[in-house]
Amino acid sequence: MTLARFIRRQLLSLSGVGLMLGALFFAAALTPTLIPRSYLTQGALAGGCFAIGYFAGVLWRRLWHYLELPEPSARARSLANALVAASCLLVVLAALWRTTAWQNAIRDVMKMAPVETAYPLKVSIIALVTFVVLLVLGRLFALLAHILAVGTRRAIPRKLANVIGVIVAGLLFWSIASNVLIRIAFNALDSSFRELDVLFEPERPQPTAADKTGGPASLVKWTELGRMGRRFIASGPTAAEISAVTERPALEPVRVYVGLAARDTAQARARLALDELKRQHGFERKVLIVITPTGTGWIDPAAMDTVEYLHHGDVASVAMQYSYLNSPLSLLFQPEYGAEAARALFAEIYGYWTTLPKERRPKLYLHGLSLGAMNSETSAELFETIGDPIAGALWSGAPFESRIWRSITDNRNPGSPAWLPQFRDSRFVRFMNQNGPTVPPDTPWGPMRVVYLQYASDAITFFAYRDAYRAPAWMNPPRGPDVSPELRWYPIVTMLQLALDMAVATHTPMGFGHVYAPEHYVDAWVAVTDVNDWSAEALAKLKSYLAARARQAPGDDPDRGG
């Protein structure tokens, strides 16, 4: 058989219903969601959606035939197929024509320069390749299910054999994917991230001061901090730098970090962190922050530099690493590690903190970004702290699986939007975005202050599996200031679009998506830590300084690199 005849045969074997439904899925995939897309990611998404629509159409057609429902005449079917196919083709062409405008609608709300074209031809080619690959896999699955069904028909009825064939084939495909392919990929990635973690960067030399983590007198060796730990220790502002901006005397901030290589267990690393914090007199500071990092151990400098400037360096912070993988991979493969590490560190720090005289100990806060926020939420148990509560917490970009965040959002006050909820009388928890808090600044707080900093364009926060079958509440008007008015909900497709948005949520300008800006951290830390010795003019000056510095040398979180 010649190649031309083989291709022609494969084309003729395609399902008309599947192609029509696939075309509609393809067109829907081109519409905007939260994050701008490149032609490569857009093509892969559109091709995947086309394949899902095609398989749904094939399944519908086979189910119709399997149930022996009445079939239309050949003439009626041909006429209907022609009309539907023509309509679907027009929809696809219209969607490709609108692709550039849709992408610019997202870029506009993020204050990004518009693109001249979204490369619809390249998108179509990549989508076609993606569809063909998925079609081949789908036909291999169908072939395996057929072989298994034929092999069991001798012992059981035909229809039951067909069902068993599909189930067994599905289990085999899932087993191969999860136990072989995914495991190999996981081991390769873990090894790669582990090797990256031990790399030394010459621009971040080992501290020479005895009171620094990783320094000559430190209980934690410089080599045991890991790459992200060395960045955290070496990148913080000095007392002189803080004074130059605040024009007031400042202390050298205390930063403690323990890497994975320091000890074998989370409990041992937590005890080491406590001992190092005590050695540096961290409990003698005004503010003490227990940080839960992202998956790789990265800590956002936009968050920590900000609070150190606000409190004139009178801040101690402590963190420890729990994974080499970035946040999405850590969440998939090691979800228990982050929670275990966060719990162990908080238990050690809080246990010692409660033994200190209340009038002399620092105010204790929690902080985490992304996966760190989710794990930080679970680190403090209510019944453990209710008799001696901490001062509060700042959690930014909490993932959609964060249990406490989800509960508060679902039980928000009627009339408040899902992307910036109000919860009861706002004495315990408040939400903030680019425009600050949802309540007036003079609204009284209770004994504990919790702030969630989140952007409406952050898919890591607002993705949900139920988006496949119902429109998310955050899409209801009024929408967030960074969400395109062109965004629409489509069954299944919107969930897949948002899943892709999660993967590229750190590829946005600062102040959008999953990239949190220091000027917004200023408002959040002012609220959480009760900063009251700064004038409005001085805060505005600090915001401008931190924003300019961050945009000149943006953060290098590996999670941001995708």
Side-chain angles (χ1 to χ4, degrees), residues 189-236 252-283 288-301 304 315-327 329-330 334 336-349 351-352 367-369 371-372 375-376 379 555-559:
L189 287 168
D190 184 60
S191 176
S192 175
F193 277 105
R194 187 187 299 266
E195 292 177 4
L196 178 65
D197 189 68
V198 300
L199 291 179
F200 284 86
E201 297 168 300
E203 68 271 18
R204 293 182 173 86
Q206 180 178 1
T208 57
D211 59 348
K212 288 285 188 179
T213 300
S218 174
L219 301 178
V220 188
K221 298 178 181 178
W222 186 243
T223 56
E224 295 174 338
L225 290 178
R227 187 162 170 258
M228 294 299 114
R230 290 189 288 271
R231 290 185 180 190
F232 175 63
I233 296 300
S235 64
E252 194 83 10
V254 172
R255 290 189 172 191
V256 173
Y257 193 99
V258 177
L260 271 173
R263 296 291 186 272
D264 293 333
T265 66
Q267 287 72 23
R269 291 192 293 274
R271 286 192 292 271
L272 178 60
L274 172 62
D275 292 339
E276 177 67 11
L277 187 64
K278 290 160 65 177
R279 186 189 73 85
Q280 295 191 42
H281 307 287
F283 288 95
L288 173 59
I289 304 173
V290 179
I291 309 168
T292 305
T294 62
T296 57
W298 183 79
I299 296 171
D300 190 353
M304 296 315 302
V315 177
S317 55
V318 57
M320 70 181 200
Q321 187 180 19
Y322 55 86
S323 172
Y324 295 114
L325 299 174
N326 62 21
S327 291
L329 293 173
S330 183
Q334 301 173 332
E336 71 283 359
Y337 288 7
E340 177 189 1
R343 172 65 191 150
L345 181 60
F346 176 79
E348 289 290 337
I349 302 300
Y352 180 77
H367 171 64
L369 164 69
L371 184 61
N375 290 323
S376 180
S379 65
D556 46 2
D557 177 11
D559 291 345

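- Between Glu276 and Val220, the shortest heavy-atom distance links the atoms OE1-N, 4.1 Å.
- Distance check: Ile233 CD1 to Gln206 CD gives 11.5 Å after rounding to the nearest 0.5 Å.
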Working for side chain to side chain contact (heavy atoms under 4.5 Å, CB included), residues Tyr257 and Ile291
CA-CA 10 Å; Tyr257 193 99; Ile291 309 168; over 6 Å; no
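- In terms of heavy-atom proximity, Met320 sits nearest to Ala344 at CE-CB, 4.3 Å.
- The heavy-atom pair separating Lys212 from Glu252 by the smallest distance is NZ-OE2, 3.6 Å.
- At a threshold of 4.5 Å between non-hydrogen side-chain atoms, the residues Pro293 and Phe232 do not count as touching.
- From Met304, atom CE reaches atom CD1 of Ile299 across 7.0 Å, with rounding to the nearest 0.5 Å.
- To the nearest 0.5 Å, atom CG of residue Asn375 and atom CZ of residue Arg343 are 13.0 Å apart.
- In plain terms, the two heavy atoms of Trp222 and Ala234 that are nearest each other are CH2-CB, 4.4 Å.
- With values rounded to the nearest 0.5 angstrom, Ser218 atom OG is found 7.0 Å from Leu225 atom CG.
- Val318 places a side-chain heavy atom less than 4.5 Å from the side chain of Val290.
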Enumerate, atom names and distances included, each donor-acceptor pair closer than 3.5 Å involving a side-chain atom of residues 262-272, sequence neighbours excluded.
residue : atom : partner : partner atom : Å
Thr265  : OG1  : Ala268  : N            : 3.1
Arg269  : NH1  : Arg263  : O            : 3.0

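- Sorted by first and then second residue, the salt bridge (Lys or Arg N to Asp or Glu O under 4.0 Å) pairs with a member in residues 213-223 form an empty list; sequence neighbours excluded.
- When the side-chain hydrogen bond (donor to acceptor under 3.5 Å, both in side chains) test is applied to Thr292, no partner is found at least two apart in sequence or on another chain.
- Residues Phe283 and Val254 fail the side-chain proximity criterion, which asks for heavy atoms closer than 4.5 Å.
- Taking the salt bridge (charged side-chain N to carboxylate O under 4.0 Å, His left out) definition, one finds that Glu224 meets it with nothing, sequence neighbours left out.
- In this view, Glu348 satisfies the salt bridge (charged side-chain N to carboxylate O under 4.0 Å, His left out) rule with no residue, not counting sequence neighbours.
- Rounding to the nearest 0.5 Å gives a distance of 9.0 Å between CZ of Arg227 and CZ of Arg230.
- Side chains of Leu345 and Tyr322 form no contact here, defined as non-hydrogen atoms less than 4.5 Å apart.
- Of all heavy-atom pairs between Leu277 and Ala316, the closest is CD1-CB, 4.2 Å.
- The shortest heavy-atom contact between Gln321 and Leu260 is OE1-N, 3.1 Å.
- Applying the side chain to side chain contact (heavy atoms under 4.5 Å, CB included) criterion to Ala210, with sequence neighbours excluded, gives Ala217.
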